[in-house]
Amino acid sequence: MSTIEVRRIEEGDLPAVVAGIPSRASERYRDQLELQGRGGFVFFIGWLDDAPVGFVGVGMHEDGSPDVLAESRGFAMVSDLYVEESYRRRGVARALMAALEDEARDAEMAGVILDTGTDEKNEAARALYRDLGYVDQGGVYLGGWSDPHRPGVHLLDPLTLWLKSF
């Protein structure tokens with residue numbers, strides 16, 4: 001039986017994470033580690049039999065600024081749940097989300113908010129969120145972002161918003 005461990009990323013994890021989760025740019029992991037070091041954000045790595053196979057981030061904004069309130073309405077916000085394709089359907093994503101929710105509860109957040117794509121490749125993610133008690137808020141909105149490691153790359157995706165209150 002495989003053992004799943006979930007823990008915050010640490011500096012010493014970077015070489016293993018870069019090698020074990022190669023489908024994402026290596027700079028991403030350094031960026032997430034630095035963001036975690038500033039506080040208000042945690043980046044978890046999922047390890048399966050001592051090998052890193054997935055990750056998720058969670059932002060917990062405690063201030064009441066209009067920007068933060070408009071974005072997450074006081075809820076912890078999921079940042080990019082991902083598991084390497086060859087390790088999916090083994091409980092890693094579920095374990096990552098459980099750790100994320102525990103972190104949000106410990107920070108006394110009201111719940112967790114996330115968005116996900118509307119296309120067929122995101123159907124498994126939407127099924128997982130439903131199973132974990134997240135509620136689709138209905139409708140579709142366009143979410144955009146820019147890749148800081150690829151200047152000039154800007155993406156716009158149709159997304160659905162999901163919410164789980166504690």
Side-chain angles (χ1 to χ4, degrees), residues 1-10 13 16-17 20-24 28-29 31-33 35-36 39-63 68-145 155-166:
M1 174 139 248
S2 297
T3 303
I4 300 170
E5 178 186 4
V6 175
R7 65 177 190 261
R8 291 175 182 222
I9 193 169
E10 297 177 2
D13 295 330
V17 170
I21 312 173
S23 55
R24 297 295 171 100
R28 170 184 184 69
Y29 306 116
D31 291 348
Q32 302 299 355
L33 181 64
L35 186 58
Q36 179 176 277
F41 181 82
V42 178
F43 193 64
F44 290 107
I45 302 296
W47 302 77
L48 185 62
D49 296 331
D50 298 320
V53 298
F55 59 78
V56 70
V58 60
M60 293 165 289
H61 308 286
E62 295 176 358
D63 70 25
V68 169
L69 291 175
E71 186 172 317
S72 63
R73 295 184 276 302
F75 282 63
M77 182 174 272
V78 175
S79 173
D80 200 12
L81 173 63
Y82 179 78
V83 176
E84 283 290 314
E85 194 167 336
S86 60
Y87 295 99
R88 293 179 185 168
R89 302 227 175 256
R90 299 187 193 185
V92 177
R94 189 173 295 276
L96 284 162
M97 289 300 291
L100 178 149
E101 289 178 11
D102 288 345
E103 188 77 20
R105 280 186 190 93
D106 289 348
E108 299 181 353
M109 304 303 288
V112 176
I113 192 168
L114 61 90
D115 56 31
T116 190
T118 60
D119 57 6
E120 190 174 303
K121 74 177 188 171
N122 285 291
E123 181 52 40
R126 291 190 301 272
L128 172 68
Y129 300 139
R130 261 186 233 100
D131 193 48
L132 293 175
Y134 288 79
V135 177
D136 185 343
Q137 299 302 290
V140 175
Y141 75 97
L142 292 176
W145 64 280
L155 302 170
L156 188 63
D157 296 313
L159 301 169
T160 57
L161 190 66
W162 296 73
L163 185 70
K164 181 175 183 176
S165 296
F166 298 146

For I45 and F43 the tightest heavy-atom approach is CD1-CE2, 3.7 Å
Contacts of E10 meeting salt bridge (Lys or Arg N to Asp or Glu O under 4.0 Å) (sequence neighbours excluded), chain-then-number -> none
task: Check the pair R24 / D80 against side chain to side chain contact (heavy atoms under 4.5 Å, CB included), numbers first and verdict last.
output: CA-CA 11 Å; R24 297 295 171 100; D80 200 12; 2.5 Å; yes
Across all chains, not counting sequence neighbours, the side-chain hydrogen bond (donor to acceptor under 3.5 Å, both in side chains) partners of R8 are E103
For I4 and V92, the nearest pair of non-hydrogen atoms, with its separation, is CD1-N, 3.8 Å
Is there a side chain to side chain contact (heavy atoms under 4.5 Å, CB included) between R126 and Y134 once you walk through the steps? CA-CA 9 Å; R126 291 190 301 272; Y134 288 79; over 6 Å; no
Scanning both residues in full, the closest heavy-atom pair of L128 with A93 reads CD2-CB, 3.7 Å
Residues at least two apart in sequence or cross-chain that pass ring-ring contact (aromatic ring centres under 6.0 Å, His included) with Y82, listed by chain then number, are F55
The side-chain contact (heavy atoms from CB on, under 4.5 Å) partners of A104 (sequence neighbours excluded) come to A76, M109, V112, F166
Quick note, salt bridge (Lys or Arg N to Asp or Glu O under 4.0 Å) partners involving residues 39-53, not counting sequence neighbours, are none
Subject >> Heavy-atom side-chain contact between L114 and L81 under 4.5 Å >> reply: no
Closest heavy-atom pair, V6 versus A99, reported as atoms and distance to 0.1 Å, is CG1-CB, 3.4 Å
Residue set satisfying side-chain contact (heavy atoms from CB on, under 4.5 Å) with L156, at least two apart, ordered chain then number -> L142
Contacts of Q137 meeting side-chain hydrogen bond (donor to acceptor under 3.5 Å, both in side chains) (sequence neighbours excluded), chain-then-number -> none
Side chains of M97 and Y129, heavy atoms from C-beta outward: is any pair under 4.5 Å? yes
Here the salt bridge (Lys or Arg N to Asp or Glu O under 4.0 Å) pairs for residues 107-119, sequence neighbours left out, are none
Heavy-atom nearest pair, G46 first then L96, reads N-CD2, 3.6 Å
Correct closest heavy-atom pair for L100 and G57 would be CD1-O, 3.6 Å
The single option from T116, V135, V78 that satisfies side-chain contact (heavy atoms from CB on, under 4.5 Å) with W162 is T116
- Trace of the side chain to side chain contact (heavy atoms under 4.5 Å, CB included) decision for V58 with F44: CA-CA 8 Å; V58 60; F44 290 107; 4.3 Å; yes
**Q.** Side chains of F75 and K164 in contact at under 4.5 Å (non-hydrogen atoms)
**A.** no
Hits for side-chain contact (heavy atoms from CB on, under 4.5 Å) against V140, two or more places apart or cross-chain, chain-then-number order -> T118, P158, T160
side-chain hydrogen bond (donor to acceptor under 3.5 Å, both in side chains) filter on D102, not counting sequence neighbours, yields none
Passes side chain to side chain contact (heavy atoms under 4.5 Å, CB included), I9 versus Q36? Steps please.
CA-CA 9 Å; I9 193 169; Q36 179 176 277; 4.0 Å; yes
Sorted by chain and number, sequence neighbours left out, side-chain contact (heavy atoms from CB on, under 4.5 Å) with A16 holds for W47, P52
So salt bridge (Lys or Arg N to Asp or Glu O under 4.0 Å) across residues 82-97, not counting sequence neighbours, yields R94-D131
